Number of protein chains: 2
Amino acid sequence: MAEYTGFSKTTISRYFSNPDSVTLENQDKIAHALETLNYKENKLARVMANGKTEIIGVIIPNLYMHYYSNVLDHIISTYEKYGYKFIVFAGKDDADVERRYISELLAYKTEGLIVLSHTLPSKELSAYNIPLVTIEREDKYVCSVNTDNYMGGIQAATILSKSGCDILIHANSDVPEDVPAYGRIKGFKNFCEKNKCDYNILIRDFGKTYDENYAGIKNMFEETEAKYINKTVGIFMSNDTHANILLNIIIKKYGKLPDKYKIVGFDNSPISKEAIVPITTVGQQVDKIADEAMQILTVQINAFKKRKPELLSKPIHKVLTPILIRRETTR
Amino acid sequence: MAEYTGFSKTTISRYFSNPDSVTLENQDKIAHALETLNYKENKLARVMANGKTEIIGVIIPNLYMHYYSNVLDHIISTYEKYGYKFIVFAGKDDADVERRYISELLAYKTEGLIVLSHTLPSKELSAYNIPLVTIEREDKYVCSVNTDNYMGGIQAATILSKSGCDILIHANSDVPEDVPAYGRIKGFKNFCEKNKCDYNILIRDFGKTYDENYAGIKNMFEETEAKYINKTVGIFMSNDTHANILLNIIIKKYGKLPDKYKIVGFDNSPISKEAIVPITTVGQQVDKIADEAMQILTVQINAFKKRKPELLSKPIHKVLTPILIRRETTR
DNA sequence: TTGTACGCGTTATCAA
DNA sequence: TTGATAACGCGTACAA
């Protein structure tokens, strides 16, 4: 303690939390003392006293997929605006591991949790009874922020239809209906039926590794080639990573993207722009997703402080509109 | 406090830190009490008492580049082995911002720092006088773990030479000599001179954004095309992201990778494998880099606890051998 | 404007 | 094997 300056700890404390409650003269003295003693404020002690860690826990499936590292990037960038620090865990799709992560986070008194992993059901998450928000996953019992996937499906179908496709295809895995991504399938389908487009929903599991993805998508492409010989086919892939793989497979065969194929991805992750032919994609507003997540979290945190958990009885679900990014795969 | 179980806090404390120092019978009682009271251990209070936060701060330039998110992924995965949690900041190339991040981290009593950003000179970092390790950056006054870039330069030149190139080109930015990446240039050059290969070091700044990268690399490629008409040219790019851009430019022109071009990247980041033609690359052993960083950090942390800062008088510099990954751009 | 006294939840030390 | 006590650094009354 820096009372070797002659002040009481109270005064020092005031200097930390509200410097102007101390004489200007004494502010100087304390500042000098801190410098010469090389003393650093201990925020953990403050936490002991008032309970605010200003730390939030993040549980993400992995950093390998462009989408997740992109979201994490925007989450940690909110530090400038909200002041929260982030302890980050990568989930590895193992429920017990994630439970341990959450325990650890709770032991550190993080003020809230941001969950991107799909491993634990929202019912279990809500039972922890702490401020929490999920992003793009099943969210029945917890607050969440998601992209309007239904709208995204419609946008994808619309652009493919406008680009003169005879048949519209959407490839997606067998997503449960309670996951936001399911909306993409529904939106795509509804558009096609209303507008009497020929369409085909391909439910395929392309696996978890790149090699599995590649093999699965190649298979799908070859079937499609065989089936729609003289037609212009539009393909809406479930994310940009898969769209890029499909694009590469086609270009490897033809040397370029032939007019008969149109491709739309999802996410607007960097790869969509940097692909050999820039990919048209239904873009998620990742910056806004991160910001909304923080806002929902702060609402909950404040409710907790005021001991008004009623505010949280109904989960808040924020839905953000996707933005179609037109690039060269739909020309 | 859970003494409403009848035990003293000491006993409860023992249960947390070393359950077996309590009777089996009492372990049960306490466990039950914790459950019914929904009581969570408070590790921050422990920190107050014994000083160990088990938190490490990470300062990374961004999560946008594949290499950095890849490294971060491996760093946070060391939790399983070392038990340290990580608070992550993205630096944004602003020195003052990074200084604020470090202050914040110090106020939270993180036990150490891992620095990947290049913004602050190692001399300044070392002045903070806390356990710290850098990865692939200037490291004169601090501990570090780096890839053997000199060896990497040699590996790249060797494979290009073996693949029958008449002229070997290495494109890199104007890296200062004290940055590890400079070794790549030196290694490449030395190999060429010893083996009397025709070579050319192109010092180019390709900029920070993808669009700048693309324009710069396209320029470089067109010059090269004009200059070496009937030769087989081997190009060693300074990282996989750039190698991939070059590859795309070439394929866009020729529809495939012509025999006259051979390409080698650096890092072995995911993009090198997932490129339209899988790219041969000098691979960094990212998993080992993360592990070595943690080991160096724990050595320092222990030295700090024992108040033996002599151990840190000479910075430890760990150098890891790169591994050449042969793929299809050098066939 | 500044100081005193106490509490936050844990660990270390010593004693029983 | 357990308990009592002091201490970690700061916030918060309340008092001066």
Side-chain angles (χ1 to χ4, degrees), chain A residues 1-35 37-55 83 85 103-111 130 304-307, chain B residues 1-31 33-35 37-55 83 85 103-111 130 301 304-307:
Chain A
M1 223 162 305
E3 272 103 342
Y4 299 92
T5 67
F7 292 103
S8 73
K9 11 184 187 179
T10 314
T11 308
I12 308 291
S13 170
R14 283 209 192 81
Y15 174 82
F16 286 145
S17 43
N18 180 13
D20 290 334
S21 65
V22 181
T23 333
L24 272 173
E25 186 185 19
N26 289 345
Q27 285 185 38
D28 267 5
K29 282 188 192 168
I30 296 177
H32 282 311
L34 290 181
E35 195 126 339
L37 294 181
N38 196 25
Y39 188 90
K40 309 269 193 292
E41 172 187 15
N42 184 338
K43 289 209 178 184
L44 294 183
R46 158 181 299 175
V47 173
M48 285 300 296
N50 74 8
K52 298 175 198 167
T53 51
E54 295 179 354
I55 298 179
K85 276 70 60 184
S103 296
E104 186 80 329
L105 258 5
L106 293 179
Y108 275 85
K109 303 298 168 193
T110 55
E111 296 193 57
I130 81 158
F304 254 68
K305 276 194 291 214
K306 293 177 187 162
R307 305 183 175 276
Chain B
M1 224 160 308
E3 270 102 343
Y4 299 94
T5 67
F7 293 103
S8 72
K9 10 183 187 181
T10 314
T11 308
I12 308 291
S13 170
R14 283 211 191 80
Y15 174 80
F16 286 144
S17 44
N18 180 12
D20 289 333
S21 65
V22 180
T23 333
L24 271 174
E25 184 186 21
N26 289 344
Q27 286 184 38
D28 268 5
K29 283 189 192 167
I30 296 176
L34 290 180
E35 194 125 341
L37 294 180
N38 195 28
Y39 189 90
K40 308 266 191 292
E41 169 187 20
N42 184 340
K43 288 209 177 184
L44 294 182
R46 158 182 299 177
V47 173
M48 287 297 299
N50 74 7
K52 297 175 199 166
T53 52
E54 295 179 354
I55 297 180
K85 275 72 58 186
S103 295
E104 186 79 329
L105 258 6
L106 293 179
Y108 275 85
K109 304 297 169 194
T110 55
E111 296 193 56
I130 81 159
I301 290 170
F304 254 67
K305 277 194 291 213
K306 293 176 187 163
R307 304 185 177 278

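This one's a predicted model, so the numbers in the text were calculated from it and none came from an experiment. Basis for what follows: all heavy atoms, side chains included, without hydrogens, waters or symmetry-related copies. Residue numbers begin at 1 in each chain, while the letters A, B, ... track the order of the sequences.
As a whole-Å value, the separation of B/Tyr108 OH from D/dG9 C1' is 14 Å. What separates OH of A/Tyr15 from P of D/dG9 is a distance of 19 Å, to the nearest Å. To the nearest angstrom, C1' of C/dT1 lies 14 Å from CD1 of A/Ile12. When rounded to the nearest whole Å, the span between CD of B/Glu41 and P of C/dT11 equals 7 Å. Rounded to whole Å, atom C1' of C/dT10 lies 13 Å from atom CG of A/Leu44. Straight-line distance from the CZ atom of A/Phe16 to the P atom of D/dG11: 8 Å, rounded to whole Å. When rounded to the nearest whole Å, the span between NZ of B/Lys109 and C1' of D/dC10 equals 12 Å. Here the P atom of nucleotide C/dG9 and the CG atom of B/Leu37 are 13 Å apart, to the nearest Å.
At least one donor-acceptor pair under 3.5 Å links the side chain of A/Glu111 to the backbone N or O of A/Glu54.
For the segment residues 23-30 of chain B, residues with any heavy atom less than 4.0 angstrom from an atom of DNA chain D are, sorted by number, B/Thr23, B/Asn26.
For the pair B/Thr53/B/Tyr108, no side-chain contact is recorded, criterion being any heavy-atom separation below 4.5 Å from C-beta on. You'll find the side chain of A/Phe7 reaches within 4.5 Å of the side chain of A/Asn26, heavy atoms only.
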Exercise for review: Evaluate the side-chain contact (heavy atoms from CB on, under 4.5 Å) criterion for residues A/Gln27 and A/Leu24: first the C-alpha distance (whole Å), next the side-chain angles of each, then the deciding distance (0.1 Å), finally the verdict.
Suggested key: CA-CA 5 Å; A/Gln27 285 185 38; A/Leu24 272 173; 4.0 Å; yes

Point to revise | Evaluation steps, side-chain contact (heavy atoms from CB on, under 4.5 Å), between A/Leu34 and A/Ile30 | key: CA-CA 6 Å; A/Leu34 290 181; A/Ile30 296 177; 4.2 Å; yes

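When the side chain to side chain donor-acceptor pair (under 3.5 Å) test is applied to A/Thr11, the partners found at least two apart in sequence or on another chain are A/Ser8. Applying the side-chain contact (heavy atoms from CB on, under 4.5 Å) criterion to B/Ile130, with sequence neighbours excluded, gives B/Leu106, B/Leu113. In this structure B/Asn42 satisfies the side chain to side chain donor-acceptor pair (under 3.5 Å) test with no other residue, sequence neighbours excluded. Listed by chain and number, the residues in a side chain to side chain donor-acceptor pair (under 3.5 Å) with A/Lys52 amount to none (sequence neighbours excluded). Contacts of B/Glu104 classified as side chain to side chain donor-acceptor pair (under 3.5 Å), with partners at least two apart in sequence or in another chain: A/Lys43, A/Tyr79, A/Lys85.
Each of A/Arg46 and B/Val47 lies near DNA chain D, and the nucleotide nearest B/Val47 is the one positioned closer to the 5' end.
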Run the side-chain donor-acceptor check on residues 13-21 of chain B: report pairs under 3.5 Å with partners two or more places apart or on a different chain.
{"from": "B/Ser17", "atom 1": "OG", "to": "B/Ser13", "atom 2": "O", "distance (Å)": "3.0"}
{"from": "B/Ser21", "atom 1": "OG", "to": "B/Asn18", "atom 2": "O", "distance (Å)": "2.8"}

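Within the nucleic acid shown, B/Val22 comes within 4.0 Å of sugar-phosphate atoms alone, with no base atom in reach, counting heavy atoms only.
Defining each end axis of the helix from C/dT1-D/dA16 to C/dA16-D/dT1 as the rotation carrying four pairs' C1' atoms onto the next four, with five pairs an end, the two axes are found to diverge by 30° to 10 degrees.
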Taking only nitrogen or oxygen atoms into account, show me every contact under 3.5 Å that the protein makes with nucleotides 3-7 of chain C, one pair per line with its distance.
{"from": "C/dG3", "atom 1": "OP2", "to": "A/Ser8", "atom 2": "N", "distance (Å)": "3.3"}
{"from": "C/dG3", "atom 1": "OP2", "to": "A/Ser8", "atom 2": "OG", "distance (Å)": "3.2"}
{"from": "C/dG3", "atom 1": "OP2", "to": "A/Thr11", "atom 2": "OG1", "distance (Å)": "2.4"}
{"from": "C/dG3", "atom 1": "O6", "to": "A/Arg14", "atom 2": "NH2", "distance (Å)": "2.9"}
{"from": "C/dT4", "atom 1": "O4", "to": "A/Thr10", "atom 2": "OG1", "distance (Å)": "2.7"}

